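As the structure is a computational prediction, the values presented were derived from the model and not from experiment.
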Amino acid sequence: MTPTGPAGMLATWEAGLAQHESGRSLLLHRAARPGAGTDELLSMPVGEREADLFALRRALFGERMQVRVECASCGEAMEFDLDATLLGARTRTPDGPLRVEEDDWVVEFRLPTVADLAAAGAVPDPAAARRLLVTRCTVSAVRGGEAIPSERLASLLPERVQQRLAETAADADPAADVTLNVACPECGEATPAELDITSYLWTELDTWARDLMLDVHLLATAYGWNEPEILALSPLRRRYYLELCADA
């Protein structure tokens, strides 16, 4: 992966200020895959996007990730470092539909895409969002030998079958959901914590962009350079010039 340079990442940050999480995720994904079109990005399985965002994060900010989690049992704040090379591993996408057989149901479905997840995320009720996701991703559904049309599927599909669908999708696309089980050093209880790479990466990008703009301001004031000239400098050279400004 060749991530977008400093000017491009600043433009991504600026565009993302007015966006919610789904819009920011798409902007970050474009930065991770500069040559990809919007339709291509939206049609990718969710795990492939997450793997791209983890790779972008490593390229921009390194292999260590600092995580803060609050214990669900005692409220203790836990902070620790993660090795980002172990997260967002790429897996081979299934060639054809996945299949679940449960009781008298046979359901074939595809992995949820980024577009599917965005559509479900726009539904405020979690149960309704899950039903929408099932409907969008189902290729065919048969109950007792009778084909069930997609418009009736959400109301007829039993909860246990929906759960099997979710488990099968998670096994086929493990990068789509990175959940950490963190043991509390105070009470010993484990707390599951979902690592949302979009939110994590955006927070880091926001801090980086504001620091970089301050650097641009200081160097432009001291030397009269414009923003493109300053951004063309390597981070090491920018830091050295800033140190010279401080010593002057």
Looking at [Y], is its backbone amide N or carbonyl O close enough to the side chain of [X] to form a donor-acceptor pair, meaning the two atoms are under 3.5 Å apart?
X: Arg68; Y: Glu79; result: no
X: Tyr241; Y: Ile230; result: no
X: Arg57; Y: Gly62; result: yes
X: Ser43; Y: Glu40; result: yes
X: Asp81; Y: Arg64; result: no
X: Thr113; Y: Met44; result: no
X: Glu48; Y: Pro45; result: no

Checklist entry - Hey, are Arg30 and Thr38 close enough side-chain-wise for a donor-acceptor pair under 3.5 Å? => result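 Per modelled atom types, Thr38 and Arg30 side chains form a pair under 3.5 Å.
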
Distance in Å, [X] [atom1] paired with [Y] [atom2], rounded so as to fall on 0.5 Å steps:
X: Phe109; Y: Thr138; atom1: CZ; atom2: OG1; answer: 8.0 Å
X: Ser25; Y: Arg49; atom1: OG; atom2: CZ; answer: 3.5 Å
X: Trp13; Y: Glu204; atom1: CH2; atom2: CD; answer: 15.5 Å
X: Leu153; Y: Cys137; atom1: CG; atom2: SG; answer: 11.0 Å
X: Leu157; Y: Leu165; atom1: CG; atom2: CG; answer: 6.0 Å
X: Thr12; Y: Trp202; atom1: OG1; atom2: CH2; answer: 8.0 Å

Next on the checklist: side chain to side chain contact (heavy atoms under 4.5 Å, CB included) for Asp206 and Leu17? Distances and angles first, verdict last.
Outcome noted: CA-CA 9 Å; Asp206 184 65; Leu17 291 174; 4.2 Å; yes

Hey, quick one: are [X] and [Y] part of the same hydrophobic cluster, counting side-chain heavy atoms closer than 4.5 Å, chains of contacts allowed?
X: Leu111; Y: Leu117; answer: no
X: Phe54; Y: Leu86; answer: no
X: Leu242; Y: Leu231; answer: yes
X: Tyr200; Y: Val114; answer: no
X: Leu41; Y: Leu27; answer: no

Any side-chain heavy atom of [X] sitting closer than 4.5 Å to one from [Y]?
X: Val67; Y: Met78; result: no
X: Asp177; Y: Glu50; result: no
X: Ile197; Y: Leu87; result: no
X: Glu189; Y: Cys74; result: no
X: Phe61; Y: Leu201; result: yes
X: His217; Y: Thr221; result: yes
X: Leu219; Y: Cys245; result: yes
X: Trp105; Y: Arg164; result: no

Checklist entry - Going through the checks in order, is the side chain to side chain contact (heavy atoms under 4.5 Å, CB included) test met by Leu236 and Tyr240? => result CA-CA 6 Å; Leu236 181 62; Tyr240 182 69; 5.9 Å; no

Next on the checklist: Walk me through whether Arg58 and Thr85 qualify under side chain to side chain donor-acceptor pair (under 3.5 Å).
Outcome noted: CA-CA 8 Å; Arg58 290 192 296 269; Thr85 61; over 6 Å; no

Checklist entry - Which residue, Val216, Leu218, Asp211, forms the side-chain contact (heavy atoms from CB on, under 4.5 Å) with Leu214? => result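 Exactly one option meets the side-chain contact (heavy atoms from CB on, under 4.5 Å) with Leu214, and it is Leu218.
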
Next on the checklist: Counting neighbours of CZ on Phe80 that are heavy atoms of other residues, nucleotides or ligands and sit closer than 6.0 Å, is the number greater than 12?
Outcome noted: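 Enclosed: over 12 neighbouring heavy atoms sit under 6.0 Å from CZ of Phe80.
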
Item to check | Met213 and Leu10: CA distance, side-chain angles, deciding distance, side chain to side chain contact (heavy atoms under 4.5 Å, CB included) verdict | outcome: CA-CA 9 Å; Met213 291 184 71; Leu10 270 182; 4.2 Å; yes

What is the minimum heavy-atom distance between [X] and [Y], and which atoms define it?
X: Leu205; Y: Leu28; result: CD2-CD2, 3.8 Å
X: Ala32; Y: Asp52; result: CB-O, 3.8 Å
X: Pro192; Y: Ala190; result: CD-O, 3.9 Å

Item to check | Worked check of side chain to side chain contact (heavy atoms under 4.5 Å, CB included) between Glu76 and Glu70 | outcome: CA-CA 6 Å; Glu76 177 72 13; Glu70 187 174 283; over 6 Å; no

I'd like a table of donor-acceptor pairs (distance under 3.5 Å, sequence neighbours excluded) in which one partner is a side-chain atom from residues 121-136, with atom names and distances.
unit_1	atom_1	unit_2	atom_2	d
Asp125	OD2	Ala128	N	2.9
Arg130	NE	Gln162	OE1	3.3
Arg130	NH2	Glu159	OE1	3.1
Arg130	NH2	Glu159	OE2	3.4
Thr135	OG1	Arg131	O	3.0
Arg136	NE	Asp116	OD1	2.8
Arg136	NH2	Asp116	OD1	3.1

What side-chain donor-acceptor pairs closer than 3.5 Å can you find for residues 92-99, not counting sequence neighbours?
unit_1	atom_1	unit_2	atom_2	d
Arg92	NH2	Asp95	OD1	3.2
Arg92	NH2	Asp95	OD2	2.9
Arg99	NE	Glu101	OE2	2.9
Arg99	NH1	Glu108	OE2	3.1
Arg99	NH2	Glu101	OE2	3.4

Next on the checklist: Taking Arg143 first and then Asp103, would you say they form a salt bridge - that is, a charged N and a carboxylate O separated by under 4.0 Å?
Outcome noted: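 Judged by the 4.0 Å cut-off on N to carboxylate O distance, Arg143 and Asp103 do not form a salt bridge.
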
